[in-house]
There are 2 protein chains.
Amino acid sequence: MASDTKNRILDAAEQQFGDRGFAETSLRDITKKAHVNLAAVNYHFGSKEALLAAVLDRRLQPINERRLQLLDNLESQSGNEGPSLREIVRAFVSPPFEKQQEWGDTGQTFLRVLGRVHGETNDEFREVFMSEYELLYQRFTAALSRAVPHLGNADLTWRMMFMVGSMAFTMSWSKSIVLRDPTASLSANETIESLVTFASAGLAAEQPLEIPVETRRREVQ
Amino acid sequence: MASDTKNRILDAAEQQFGDRGFAETSLRDITKKAHVNLAAVNYHFGSKEALLAAVLDRRLQPINERRLQLLDNLESQSGNEGPSLREIVRAFVSPPFEKQQEWGDTGQTFLRVLGRVHGETNDEFREVFMSEYELLYQRFTAALSRAVPHLGNADLTWRMMFMVGSMAFTMSWSKSIVLRDPTASLSANETIESLVTFASAGLAAEQPLEIPVETRRREVQ
DNA sequence: GTCTATATGCGGATAGAC
DNA sequence: GTCTATCCGCATATAGAC
């Protein structure tokens with residue numbers, strides 16, 4: 001069946017892109033792993049780049065829909081003061097990890113793909129990738145700025161970046177961290193709550209107005 | 001002069017690796033940009049992979065030395081209670097950004113290279129890269145666990161990962177964030193202090209023991 | 001140390017039979 | 001939709017003259 005071939009290609013591509021990277025993976029690797037013919041990729045997807053886009057879309061769309069759905073729920077159920085910081089952060093952070101569990105083995109490597117993509121700084125790529133996040137960022141920026149009113153716009157932008165960074169890094173590395181330190185193993189739920197705790201506290205923190213010169217001098221020297 | 005050629009290659013490679021990625025960059029791109037002969041790369045470095053290692057080493061060694069030096073200073077100047085959390089975090093976070101300033105234009109893209117490298121999950125690559133960090137992590141783990149004694153080992157490991165993630169993401173994206181939102185522009189010092197505030201608060205946060213079931217249910221639905 | 005020329009292989013993509 | 005065979009360019013790396 002056609003859609004079976006398509007899905008096998010998507011699964012194999014996801015695996016390889018996550019483990020070794022986009023440019024480092026050849027279509028021959030993918031089709032071999034998927035047990036399909038080499039020409040099938042171009043027949044079904046058109047090009048290697050389009051295949052990457054399809055790999056991302058398949059998982060990212062449900063993840064981002066879920067984020068917005070959670071935020072909608074929070075906003076419709078909270079009073080005039082709006083949802084709490086922690087709730088908003090959880091709405092943003094948890095969907096990738098929840099979905100990963102839901103998808104089981106084949107979805108497991110997707111978080112690594114996402115982690116890689118977050119580090120991609122190629123200009124054209126950014127344009128395409130970021131435009132998918134436009135709405136998401138607007139909604140969450142608005143919600144967060146209500147929850148943390150003492151932050152200016154610039155500070156909020158930066159702290160959201162810090163939050164995304166901690167999440168992206170966790171997505172790509174969680175498997176290896178666990179391998180290095182077995183005591184550090186956490187379930188998806190524990191990972192989410194740890195991350196939510198960390199990011200919420202970071203977002204809420206008051207910026208010290210100035211660093212005492214004496215202290216600074218001593219440290220820097 | 002030989003070392004001039006070598007440095008021009010390193011500069012050009014750094015630029016390309018940062019802008020487009022390792023696999024996406026060809027030696028032809030690099031040598032053309034550096035105005036040196038194609039064969040010079042293999043003469044001076046041996047291989048493309050060895051060139052990447054050289055690009056990383058040139059900047060990473062001073063950065064990590066500086067981190068350890070700052071930590072040494074803090075520990076020798078603090079009493080029995082050890083340095084404060086914020087000071088330790090700053091000792092870890094600030095050196096890449098300080099060095100970036102020091103190095104000016106040619107060092108500018110290096111942070112993007114570093115950001116990419118942090119997202120690299122290839123197994124062999126990790127072994128090599130992580131082994132360079134072994135000592136660094138041991139030292140900072142020990143210092144942090146004194147400063148945040150209420151955290152268990154597992155929690156501390158995870159939160160250090162969150163800290164590294166926010167830092168790595170900031171390194172690779174700071175330029176673009178500024179482009180998207182000019183009000184968000186920060187000097188290196190301001191970036192450092194923002195990041196330090198965020199990570200310190202995140203590390204210090206108390207983990208809520210349990211999430212009220214009612215709240216959780218409402219959110220998840 | 002620097003250059004030209006080239007070995008050698010792998011890459012994405014496609015034409016065209018079935 | 002699936003397959004084989006092939007086009008064609010670009011990749012890293014090196015041999016060998018200067």
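Side chains are part of it too, since the values below use all heavy atoms of this structure and drop only hydrogens, waters and symmetry mates. Each chain gets a letter, A, B and so on, in the order the sequences are listed, and its residues count up from 1.
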List the residues meeting ring pair (Phe, Tyr, Trp, His ring centres under 6.0 Å) with A:F92, not counting sequence neighbours, and say none if there are none. A:F140
Side-chain heavy atoms of B:F97 within contact of B:M167, under 4.5 Å: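 Yes, side chains in contact.
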Any salt bridge (Lys or Arg N to Asp or Glu O under 4.0 Å) involving residues 15-30 of chain A? Give me the pairs, sequence neighbours left out, ordered by first then second residue. A:D19-A:R112, A:R20-A:D29
According to the side-chain hydrogen bond (donor to acceptor under 3.5 Å, both in side chains) rule, which pairs have a member within residues 30-42 of chain A, sequence neighbours left out? none
For B:A40, answer base if it contacts any base atom (sugar-phosphate contacts may also be present), sugar-phosphate if it contacts only those atoms, and nothing otherwise; contact means non-hydrogen atoms under 4.0 Å.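 No contact.
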Phosphate contact (D:dT4 OP1 or OP2) by A:N37 side-chain N/O below 4.0 Å: yes
Looking at C:dG1, I'd like to know if its phosphate oxygens (OP1 or OP2) sit under 4.0 Å from a side-chain N or O belonging to B:T5.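 Checking B:T5 against C:dG1: no side-chain N or O falls below 4.0 Å of OP1 or OP2.
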Whole angstrom is fine here: how far is it from [atom1] in [X] over to [atom2] in [N]?
{"X": "A:D4", "N": "D:dT2", "atom1": "CG", "atom2": "C1'", "value": "14 Å"}
{"X": "B:K32", "N": "D:dA11", "atom1": "NZ", "atom2": "P", "value": "11 Å"}
{"X": "A:K6", "N": "D:dT2", "atom1": "NZ", "atom2": "P", "value": "11 Å"}

List for me each residue that meets side chain to side chain contact (heavy atoms under 4.5 Å, CB included) alongside B:Y43, sequence neighbours excluded, and say none if there are none. none
Between protein and nucleotides 7-12 of chain C, what N or O pairs are separated by less than 3.5 Å?
unit_1: C:dG12; atom_1: OP1; unit_2: A:L27; atom_2: N; d: 3.4
unit_1: C:dG12; atom_1: OP1; unit_2: A:K48; atom_2: NZ; d: 3.2
unit_1: C:dG12; atom_1: OP2; unit_2: A:L27; atom_2: N; d: 2.9
unit_1: C:dG12; atom_1: N7; unit_2: A:R28; atom_2: NH1; d: 2.9
unit_1: C:dG12; atom_1: O6; unit_2: A:R28; atom_2: NH2; d: 3.0

Partners passing side-chain hydrogen bond (donor to acceptor under 3.5 Å, both in side chains) against A:E127 (at least two apart in sequence or in another chain): none
Choosing from C:dT14, C:dT2, C:dT4, which nucleotide comes nearest the side chain of B:Y43?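 Per side-chain heavy atoms of B:Y43, the pick is C:dT2.
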